[in-house]
Amino acid sequence: MSTGNFIKDIIDQDNRTGKWSGRVATRFPPEPNGFLHIGHAKSICLNFSLAEQYSGTCNLRFDDTNPVKEEQQYIDSIKEDVAWLGFDWQDREYYASDYFGRMYQCAVELIKKGKAYVDDISQEKIKEYRGTFTEPGKESPCRDRVIEENLDLFERMKNGEFNDGEKVLRAKIDMASPNLNMRDPVIYRILHASHPRTGDEWCIYPMYDFAHCLEDSIEKITHSICTLEFEDHRPLYDWFLEELGLHHPQQIEFARLNISYSVLSKRRLGILVSENMVDGWDDPRMPTISGLRRRGYTAASIRDFALRIGVAKANSTVDAALLEHCVREELNKTADRVFAVLDPLKVVITNYPEDKTEYFEVENNPEDPASGTRKLQFGRELYIEREDFMETPPKKFFRLAPGRESRLKSAYYITCNEVIKDSNGIIEELHCTYDPESRGGDTADRRKVSGTLHWIYAGSALNVTVRQYDRLFNRENPDGADDFRECINPDSLTVNDKCMAECSLKDIDPGKRVQFFRHGYYIADIKDSVKGRPVFNRIVSLKDTWAKIVKKEGA
RNA sequence: UGGGGAGUCGCCAAACGGCAAGGCACCGCCCUUUGGAGGCGGCAUUUGCAGGUUCGAAUCCUGCCUCCCCAGCCA
């Protein structure tokens with residue numbers, strides 16, 4: 001795999017021409033105003049992997065230029081998430097706020113060059129004067145202020161002599177530019193807000209366009225990778241660095257990630273949390289890194305996903321099935337199999353001695369011989385999956401049915417003889433007989449049986465709670481709906497506390513992933529599992545051919 | 001309608017003038033003590049459309065169409 005992408009093409013060419021003397025320096029620059037999601041993971045993987053592949057560096061830089069939105073808790077969670085994803089920024093943990101002094105000096109220099117001015121007009125006026133897509137803007141009356149006055153005013157802005165919004169510093173570029181970003185953009189605003197890191201040291205803060213290019217420049221970044229919506233800002237990025245005569249990284253834009261059946265914007269994700277449609281930012285249904293982690297996704301599978309989706313400039317929506325495929329592929333190789341009956345149906349083996357039990361050796365993971373085996377207790381009364389039995393089975397159903405013989409995985413063949421129902425006609429239990437010759441799950445005559453079922457010995461069954469998670473949305477493109485809340489999947493979470501599992505699960509370590517045989521991959525929830533009483537989250541189901549058949553045959 | 005981008009299989013995505021990779025999904029078959037996994041095979045005579053250049057075009061030229069982004073003192 002691993003075909004190229006246009007960013008590698010650019011880097012390769014730069015290396016050929018010696019543009020950066022073979023150096024590659026990228027950065028992941030999150031604003032600490034929320035939790036990271038899978039879209040950020042794409043960017044993280046991209047930036048760190050590129051650095052790795054070209055023996056370069058990737059900085060973790062917090063773009064903390066707006067204290068009214070940023071919080072320390074987000075800084076902490078971002079660091080946790082990036083590290084969990086498997087990337088190491090070593091000692092290169094930077095903060096835009098560490099550069100505030102230098103940025104201020106750059107602004108002063110711009111003023112001295114006559115390339116920036118302090119504007120007194122109101123926010124409304126600025127907006128009005130900006131013009132429209134088709135009409136040029138108008139110049140502010142303050143635009144021609146003399147340099148000395150600008151210098152004085154800007155210093156006083158810094159010194160806190162003005163209220164929020166009273167004045168701004170603007171770059172003096174071109175009010176008639178067809179690119180609205182170039183119509184004298186605001187580069188500093190007054191914000192009497194306490195900053196998570198600089199406290200009350202500053203009351204003026206740089207705007208993104210001014211700050212970001214300087215951050216990149218100061219860190220000697222070579223390739224500044226960002227998303228498509230910043231394409232229009234590139235001329236500004238270039239303008240500042242050009243005017244200031246500073247190290248000038250190349251900004252490269254790529255398409256942000258979208259995933260079907262999901263929303264991936266901080267705003268919408270925030271609504272899900274604040275309106276309690278999910279249980280916090282790390283709800284296992286959330287596409288946040290913390291949510292995916294809690295759901296049971298592995299860092300490796302997310303990295304693999306990022307690799308497979310590629311990088312390009314075309315807006316796209318990746319099939320949610322790909323993410324699921326990535327985690328299945330990994331867990332198939334690494335997760336031990338265990339038996340868990342989600343919807344128990346009692347089976348009595350009528351020809352099996354009342355007081356006898358025995359143990360069967362069961363392989364932990366057929367994909368991994370090194371995983372060894374475990375012993376499972378077997379006895380007269382068992383539980384099997386209710387859906388593994390049908391009284392009147394359709395054509396393609398090959399599991400247990402009256403008169404039919406099925407294999408209990410690694411144990412015996414059993415034949416169903418009698419169906420016991422309650423007064424409502426609900427099946428209460430099955431009476432079966434076993435074939436002693438089938439010990440271990442095989443017979444000398446190699447006869448075919450209908451299906452291999454997992455089972456639990458009733459005498460040692462462990463009752464566990466299982467949370468069956470499904471896609472959060474039942475519509476492929478929730479963003480396309482009038483209100484994305486309307487397409488929330490009402491069945492995105494089903495809590496099942498009637499499950500019976502093998503008793504070895506009693507002391508499973510929270511955070512450990514297993515395959516519930518024939519069902520899917522599950523993780524012992526890190527938050528809600530208590531000693532001796534694990535709670536499992538379904539990470540992803542196994543591919544279900546039978547479900548597909550049922551669906552196709554149309555109920 | 002100004003500016004900036006993008007259109008290659010259902011969904012991603014390669015291909016850089018030489019004869020349309022790969023992955024996911026889907027469909028067959030084989031295998032299977034997981035209806036899982038695995039194996040094999042099938043899945044774009046054609047690259048938004050229309051012209052043109054060329055021995056040869058997804059790649060170059062012309063025109064058109066569609067979609068996305070931009071008028072925060074957010075990033």
Side-chain angles (χ1 to χ4, degrees), chain A residues 1-5 9 29-31 33 63 65-66 68-70 119 122-123 126-128 130-137 164-170 177-183 185-191 204-205 207-209 211-212 226-235 253 255 257 260 266 305 307-326 328-329 332-333 337 339 362-363 365-367 396-399 407-411 413 438 440-442 449 451-454 476 515-520 541-549:
Chain A
M1 201 174 30
S2 186
T3 48
N5 62 52
D9 290 346
E31 181 190 14
N33 71 342
D63 202 4
T65 57
N66 185 358
V68 314
K69 291 189 174 176
E70 297 149 7
D119 202 342
S122 68
Q123 189 163 175
I126 287 183
K127 182 174 180 167
E128 188 186 324
R130 185 148 32 224
T132 67
F133 289 147
T134 49
E135 310 153 37
D164 287 6
E166 212 174 315
K167 295 189 187 316
V168 290
L169 183 69
R170 292 228 253 168
S177 171
N179 180 346
L180 301 250
N181 294 122
M182 301 299 273
R183 319 245 262 226
V186 170
I187 60 179
Y188 259 99
R189 76 289 214 186
I190 301 171
L191 249 30
I204 57 171
Y205 293 91
M207 295 287 289
Y208 169 84
D209 287 309
H212 206 89
C226 62
T227 43
L228 251 29
E229 68 270 26
F230 292 102
E231 217 149 13
D232 284 340
H233 296 243
R234 194 170 65 227
E253 310 85 8
L257 171 67
S260 58
K266 276 185 191 170
F305 174 73
L307 195 68
R308 291 182 189 228
I309 58 178
V311 183
K313 295 196 67 150
N315 288 316
S316 61
T317 301
V318 174
D319 193 338
L322 180 59
L323 218 205
E324 294 173 350
H325 172 265
C326 290
R328 273 194 198 104
E329 188 177 69
N332 173 51
K333 296 185 195 113
R337 276 61 170 163
F339 287 179
V362 188
E363 57 193 344
N365 184 352
E367 301 294 319
K396 291 176 181 167
F397 182 88
F398 46 98
R399 302 180 192 176
R407 168 168 41 232
L408 294 181
K409 165 80 179 174
S410 299
Y413 289 177
S438 63
D442 210 353
V449 291
T452 300
L453 318 181
H454 57 286
E476 210 174 302
Q515 182 197 102
F516 281 1
F517 200 72
R518 300 206 302 138
H519 284 303
S541 68
L542 248 30
K543 286 216 280 184
D544 192 345
T545 306
W546 171 240
K548 207 177 284 179
I549 291 170

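A note on names: the letters A, B, ... follow the listed sequences, proteins ahead of strands, and every chain is numbered from 1. Note that the structure is a prediction, hence the values are computed from the model and not measured.
- At whole-Å resolution of the value, CG in Asp544(A) and P in rA25(B) are 14 Å apart.
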Contact list (N/O, under 3.5 angstrom) for nucleotides 73-75 of chain B vs protein:
residue: rC73(B); atom: OP1; partner: Arg130(A); partner atom: NH2; Å: 3.3
residue: rC73(B); atom: OP2; partner: Arg130(A); partner atom: NH1; Å: 3.2
residue: rC73(B); atom: N3; partner: Gly165(A); partner atom: O; Å: 3.4
residue: rC73(B); atom: N4; partner: Gln123(A); partner atom: N; Å: 3.2
residue: rC73(B); atom: N4; partner: Gly165(A); partner atom: O; Å: 3.0
residue: rC74(B); atom: OP2; partner: Arg189(A); partner atom: NE; Å: 3.2
residue: rC74(B); atom: OP2; partner: Arg189(A); partner atom: NH2; Å: 2.9
residue: rC74(B); atom: O3'; partner: Arg189(A); partner atom: NH2; Å: 3.2
residue: rC74(B); atom: O2'; partner: Asn66(A); partner atom: ND2; Å: 3.3
residue: rA75(B); atom: OP1; partner: Thr65(A); partner atom: OG1; Å: 2.8
residue: rA75(B); atom: OP1; partner: Arg189(A); partner atom: NH1; Å: 3.3
residue: rA75(B); atom: OP1; partner: Arg189(A); partner atom: NH2; Å: 2.9
residue: rA75(B); atom: OP2; partner: Tyr208(A); partner atom: N; Å: 3.0
residue: rA75(B); atom: O3'; partner: Asp63(A); partner atom: OD2; Å: 2.6
residue: rA75(B); atom: N6; partner: His233(A); partner atom: NE2; Å: 3.4

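- For the pair Ser316(A) and Arg234(A), both in contact range of RNA chain B, the more 5′-proximal nearest nucleotide belongs to Arg234(A).
- With ring centers used as reference points, His233(A) lies 6.0 Å or more from His212(A).
- In this structure, Leu542(A) reaches the bases: a heavy-atom distance under 4.0 Å links it to at least one base atom across the strands shown.
- Across all strands, Val311(A) comes closer than 4.0 Å only to sugar-phosphate atoms, never to a base (heavy-atom distances).
- Mapping Leu408(A) and Ile309(A) onto RNA chain B via the closest heavy atom, the residue that lands nearer the 5' end is Ile309(A).
- Arg399(A) comes within contact range of at least one nucleobase, with a heavy-atom separation under 4.0 Å.
- Checking the phosphate oxygens (OP1, OP2) of rG36(B), no side-chain nitrogen or oxygen of Arg337(A) falls inside 4.0 Å.
- When the side-chain nitrogen and oxygen atoms of His454(A) are compared with OP1 and OP2 of rU34(B), none of them lie within a distance under 4.0 Å.
- Across all strands shown, Glu231(A) has heavy atoms under 4.0 Å from sugar-phosphate atoms exclusively, and none from any base.
- Counting only Watson-Crick and G-U wobble pairs whose two key distances fall under 3.5 Å, RNA chain B forms stems of three or more stacked pairs at B:2-7 with B:65-70, B:10-12 with B:22-24, B:26-30 with B:38-42, B:48-52 with B:60-64.
- The distance between atom CG of Leu323(A) and atom P of rA25(B), rounded to the nearest whole Å, is 12 Å.
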What does the list of N/O pairs under 3.5 Å between the protein and nucleotides 26-31 of chain B look like, with a distance for each?
residue: rC26(B); atom: OP1; partner: Lys548(A); partner atom: NZ; Å: 3.0

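- You won't find any donor-acceptor pair under 3.5 Å spanning the side chain of Asn179(A) and the base of rC70(B), going by distance alone.
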